[in-house]
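Below is one structure, written out as structure tokens, with a few remarks after it.
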Amino acid sequence: MARMGARSYVNRVRVRIAVAVEHCAPTMMAEDPPIRLRFAPSPTGALHIGGARTALYNWLATRHSGGELVLRIEDTDRERSTEENVEQILDAMRWLELSWDEGPVSQASRSERHGEALKRLLDSGAAYRDSATAKEVEAWKQEHGADRGYRGEPTDEPGAAVRLRVPDEGETVVEDLIRGPVSFPNRSYDDFVIARGDDSVLYNFAVAVDDAEMEITHVVRGDDHLSNTPKQLLVLAALGHAPPRYAHLPLLHGPDGRKLSKRHGAASVQELRDAGYLPAAVRNYLALLGWGADDDATLMSTEELVERFRIEDVGRAAAIFDEKKLRWINGRYMREMSLDEYTAAVASYLGREVDERLRAACEIAQEKAQTLAEVWPLIRFIFEPPVEDEKSWRKVMKEDAGALLGAAREVLAGIDEFDARTVEEALTPLPERFEVKPGRLYQSIRVAITGSTISPGIFESVAVLGRDESLARIDAAIARL
RNA sequence: GCCGCUAUCGUCUAGGGGACUAGGACGCCGGAUUCUCAGUCCGGAAACCGGGGUUCGAAUCCCCGUAGCGGUACCA
């Protein structure tokens, strides 16, 4: 039974697509009934991973069905909503490459419409003014039982808040696309406040009015709103509007199982960007948090995600954000990029211009980095002097280092061409001649030219550095021994 | 407190009464490869929260418990 709602919806979607394909394949989306979703963050902080996933799911669901996505900013709390936060959210959306078709609409800018709706409810008696304070409400509940919602007394007192009348009998049922029908007893809800004493409206009222007037057909949002939904349904009913379909996504938690927050590391979209992740990889990973393709596919292009994503396939249990898997996915995306794309991404991350040198550096590092942040440590020796790393030096520069480096210098000075292949051919005979393992020679050169024991392949590294600079650094190392 | 949601390897998940010896992926462990680090390849360990039902048969359906989470604002 719990699945019926979701199933019948699924069937409808399938039938619709089948019909559309049959009749007008090239423009099948144009024939779809108008689907309108909205992503409605409140600008009280940066867009966090949870919000980003909600945005992504809204976007995927919209694009999958060829509908429209409205971006609405829930800024009715003027105290906490700031311009900077709004800009941060837009910035995060753009970085994630999630487009919207309408907005951003400021909810606060719609206050006139909210006022009209409020007046209608007041006039019809569906809502009333009540001057009770929080303390008085609490006292009322003490008296009437904890499972009993507050019921107030109408007053004409100016400055009294406006409450919606909630019936004592019956229940309000949320037909959730992910969870099936969820019913809430009406008597457990307070006659909740829908407008402050100054008639400015509150969240649950504004959302209901806006969703209805903006003709939103599907509301996809976090699970934390499930318990609020009956209130919105009650407002909608009082106003005579048909409710949208709802889909409540399971929440995202940090590695400790608790709600995601600052101390969980890269918690905001901006932090993800700074950590060197690729937007496409983040989309791929986020899509997998709470949803999976039926064949367990892990790596999916955004097109594939759009194609396969269905809101009713989203899971019901909260998921934990695990950066390890994101890293792995990101590494896969990094390696699959063309060299031009890769170079452009690295340049943009580093704030450098694309040039041949950077391109050559990227070419030898692409296989080795999992994030954009990991690229620079691998290639900086090409742009800057070797790093000072006493540990690496002591570990590698033993007694035989001078002889090895001297021999390496000599053969490198003597070759005609200076590319990875010729460098390799020149150096390969040396270990045998000195009766040492190849690693001794290569690590000595590596530390000489990069300062570190970690770098891209040694032949490539020497080649990209160039003959003059490589010889100079080897000379400097010999001198220092 | 009250109202509600959720529960499969450490993590993300597959699973819709028999195809389950519970599958895949990340991570972890071991091996191979290489000049380092990565990467790649191969192998391994690793889970149905507990208890009752229903049924010939339950990871799957129902109930109870437990735990986690959410809501319970003149916040969103």
Side-chain angles (χ1 to χ4, degrees), chain A residues 3 7 40-44 74-77 79-81 107 130 132-134 137 141 145-149 159-163 174 176 179 182-185 187-190 192-198 200-204 206-207 222-231 248 250-251 253 255 257-259 285 288-299 315-329 331 335 365-370 374 377-378 392 396 424 427-428 431 437-447 450 452-459 461:
Chain A
R3 282 289 179 178
R7 282 202 157 260
S42 62
T44 52
E74 311 272 35
D75 53 0
T76 50
D77 182 347
E79 308 263 303
R80 296 197 294 160
S81 304
Q107 189 164 54
D130 177 47
T133 62
V137 170
K141 285 194 190 179
D147 63 334
R148 187 85 165 73
V162 180
R163 290 181 185 272
V174 179
D176 196 274
R179 288 161 212 287
V182 183
S183 45
F184 299 81
R187 61 177 271 135
S188 70
Y189 279 91
D190 292 340
F192 55 99
V193 176
I194 57 177
R196 302 181 178 92
D198 64 1
S200 63
V201 300
L202 260 27
Y203 175 76
N204 284 120
V207 166
D223 198 21
D224 48 342
H225 291 288
L226 182 56
S227 304
N228 282 147
T229 308
K231 297 181 187 175
H248 287 94
L251 261 19
H253 292 164
R258 304 192 60 87
K259 207 177 169 180
Y285 174 69
L288 257 19
L289 270 189
W291 171 83
D294 45 16
D295 63 353
D296 276 328
T298 303
L299 266 2
R316 296 186 293 270
I320 292 175
F321 173 71
D322 174 27
E323 203 173 335
K324 294 247 181 66
K325 192 162 185 173
L326 206 210
R327 287 184 66 82
W328 175 79
I329 290 177
R335 271 170 263 128
Q366 183 167 9
E367 283 284 294
K368 311 175 89 68
Q370 252 177 333
E374 289 171 5
L378 289 170
S392 295
V396 171
E424 178 171 5
L427 293 176
T428 303
K437 286 202 205 148
R440 290 225 32 78
L441 197 228
Y442 300 141
Q443 281 301 74
S444 298
I445 300 174
R446 177 168 277 119
V447 171
T450 72
S452 162
T453 52
I454 299 171
S455 86
I458 194 64
F459 311 124
S461 294

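The chains referred to below are lettered A, B, ... by the order of the sequence lines, with proteins before strands, and numbering in each begins at 1. What you are looking at is a predicted structure, and each value in this text was computed from that prediction instead of being measured.
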Just to be sure I understand the rule, does His225(A) reach a base, reach only the sugar-phosphate, or reach nothing, if contact means heavy atoms closer than 4.0 Å?
base

Is a donor-acceptor pair below 3.5 Å formed from side chain Lys324(A) to base rC26(B), judging by atom type as modelled?
no

Within the structure shown, what part of the strands sits under 4.0 Å from Asp198(A) by heavy-atom distance: base, sugar-phosphate, or nothing?
nothing

Look at all strands and tell whether Ser455(A) reaches a base, only sugar-phosphate, or nothing, counting heavy atoms closer than 4.0 Å.
base

Aromatic ring centroids of Tyr203(A) and Phe192(A) under 6.0 Å?
no

Whole Å only: how far is the CG atom of Leu251(A) from the C1' atom of rC69(B)?
7 Å

If you look at every strand shown and take non-hydrogen atoms under 4.0 Å, does Phe459(A) touch a base, only sugar-phosphate, or nothing?
base

Nucleotide by nucleotide, 5' to 3', does protein get under 4.0 Å of the base (B), only the sugar-phosphate (S), or neither (-) in nucleotides 3-15 of chain B, counting heavy atoms?
SSSSS---SBSS-

In this structure, how many angstroms lie between the P atom of rU36(B) and the NZ atom of Lys437(A), rounded?
10 Å

With the side chain counted from C-beta on, respond yes when Phe184(A) and Leu226(A) share a heavy-atom pair under 4.5 Å apart, and no when they do not.
yes

Paired with rU60(B) by Watson-Crick or G-U wobble geometry, both distances under 3.5 Å: which nucleotide is it?
none

Using a heavy-atom cut-off of 4.0 Å across all strands, would you classify Arg335(A) as base, sugar-phosphate, or nothing?
sugar-phosphate

Would you mind telling me which residue lines up with the more 5' stretch of RNA chain B, Glu367(A) or Ala160(A), judged by nearest nucleotide?
Glu367(A)

Between Asp223(A) and Arg179(A) (salt bridge meaning N to carboxylate O under 4.0 Å), is one present in this structure?
yes

Quick one: do Lys141(A) and Asp190(A) make a salt bridge, cutoff under 4.0 Å?
yes

Just the rounded figure in Å: distance from P of rC37(B) to OH of Tyr442(A).
16 Å

Does the structure show a Watson-Crick or G-U wobble partner for rG39(B), both distances under 3.5 Å? Name it, or say none.
rU33(B)

Leu427(A) CG to rU34(B) P: how many Å, rounded?
18 Å

So Ser452(A), base contact, sugar-phosphate only, or nothing? Heavy-atom distance under 4.0 Å.
nothing

What about Asp224(A): does its side chain form a donor-acceptor pair under 3.5 Å with the base of rA76(B)?
no

